[in-house]
Amino acid sequence: MNSSLIDLEYAYGFCKEVAVSHYENFPVGSLLVPVNKRKYIYSIYAFARSADDIADSDKFSETEKLKRLNELDIELKKIEYKNYNNFIPETANIFTALSDTINELKIPFQELRNLLTAFRQDAVKRRYDEFSELISYSEYSANPIGHLVLYIFDYTPGSGKKYFDYSDKICTALQLTNFWQDVSLDLKIDRIYIPKKDMDDFNYNEKMLFEKTENNNFRNLMKNLVDKTRNLFEEGKEITNITEGRLKLELKATIEGGMKILNKIEEIDYNVLSTRVRIDNFDKLKLLGKIFWK
């Protein structure tokens, strides 16, 4: 085994540690991914995680966040121009693995740059006026992840079916689900994803949000947002009827996991300011059992 292969294996191992250390946010059905493809998932996750940590950091100014995210973009350019020997030390393992993933799967660089666009937005934008802005944000933050998973499983945009269209519905729904799950956490970093217009429609406001007022107006507001999100899951779940094998199971598990979180939010009567719902290991086992039973 030559040294370059050893370095590559180490790099993928590093990415795996990043992924499993953030297990709650890792795809609920990740064990359904074939062993020979998991390393690609790990490298993409590690890349996204490193960018997300920069965008959400409470230690960096907005200027510093943008600088560091731009540095990640420069590292992508090094892969694009096959300049593999000059990765910066802090992220060298991630980009070593990511370069192999990109080359093996023929992934368009734009998918990864779209993710960086979303993280740059997170670094500077803390409020949203319209629900449509969340949909636009998801086109950069979430939908590329679905595209990357499709590439990992050898599905491409030119394959003649609406794989990518359905995937976008599911990934946008997952992004929105994460917003409603993490309302209380986002407030701690002065970030609000609940659109102002939606708050206005239900006679609710930002001041009440920070005061953690959970009245009927708030519950109706959250119910409306959860219902919109459920509709997106429904519109996208056709993807499980046109995919096969492990990917089909992975997608079913992912959709079930997202819907489970929405159901848990409903079970707490939409009081997400005082209670943060989550999927525990027992829930994950039940979901996997449900998938295989189906």
* Pair E256 + K260: basic N to acidic O under 4.0 Å -> no

* Asked: Can a salt bridge be assigned to the pair D56 and R191 using a cut-off of 4.0 Å between side-chain N and carboxylate O?
  -> yes

Return all side-chain donor-acceptor pairs below 3.5 angstrom for residues 227-236, not counting sequence neighbours, or 'none' if the list is empty.
| from | atom 1 | to | atom 2 | distance (Å) |
| --- | --- | --- | --- | --- |
| D227 | OD2 | K223 | NZ | 2.8 |
| K228 | NZ | D198 | OD2 | 3.1 |
| T229 | OG1 | W180 | NE1 | 2.9 |
| T229 | OG1 | L225 | O | 2.8 |
| R230 | NH2 | N263 | OD1 | 2.9 |
| R230 | NH2 | E266 | OE1 | 2.9 |
| N231 | ND2 | D227 | O | 3.4 |
| E234 | OE1 | K237 | NZ | 2.9 |
| E235 | OE1 | K169 | NZ | 3.0 |

* Asked: Does S167 reach the main-chain N or O of Y163 with its side chain, forming a donor-acceptor pair under 3.5 Å?
  -> no

* Asked: Would N216 and R219 satisfy side chain to side chain contact (heavy atoms under 4.5 Å, CB included), going step by step from the backbone distance to the final call?
  -> CA-CA 5 Å; N216 285 335; R219 286 185 281 273; 3.0 Å; yes

* Does the D269 side chain pair with the main chain of N271, one donor and one acceptor, at a distance under 3.5 Å? -> no

* **Check: S50 side chain, F47 main-chain N or O, donor-acceptor pair, under 3.5 Å** => yes

* More than 12 heavy atoms from other groups under 6.0 Å of CZ on F87 -> yes

* Asked: Any salt bridge between D190 and R127, counting N to O under 4.0 Å?
  -> yes

* **Row check, Y128 ring normal vs K125 NZ/CZ: under 6.0 Å, within 45°** => yes

* Kindly give the heavy-atom pair with the smallest separation between Y42 and A19, and that separation in Å. => CD2-CB, 3.7 Å

* Any ion pair linking R68 and E90 (charged N to carboxylate O, less than 4.0 Å)? -> no

* Calculate, to the nearest 0.5 Å, the distance between atoms OG1 and CD1 belonging to T101 and I152 respectively. => 7.0 Å

* Under 6.0 Å between ring centres, would you say that holds for F218 and Y270? -> no

* Asked: Strictly by modelled atom types, are T91 and E75 linked by a side-chain donor-acceptor pair under 3.5 Å?
  -> no

* Do NZ/NE/NH1/NH2 and the carboxylate oxygens of D129 and K197 come within less than 4.0 Å? -> no

* Pairing residues for K196 by the salt bridge (charged side-chain N to carboxylate O under 4.0 Å, His left out) criterion, not counting sequence neighbours -> D200

* **Modelled atom types, side-chain donor and acceptor of Y166 and T240, under 3.5 Å** => no

* Please check if atom CD in E244 has more than 12 non-hydrogen atoms from other residues, nucleotides or ligands closer than 6.0 Å. => no

* **For the student: nearest non-hydrogen atoms of E130 and P195, plus distance** => C-CB, 3.7 Å

* Does K162 come within less than 4.0 Å of E238, counting only side-chain N to carboxylate O? -> no

* Can you name the salt bridge (charged side-chain N to carboxylate O under 4.0 Å, His left out) partners of K37, sequence neighbours left out? -> D154

* Asked: So H147 and F164, would you call those rings parallel, tilted or perpendicular, with 30° and 60° as cut-offs?
  -> tilted

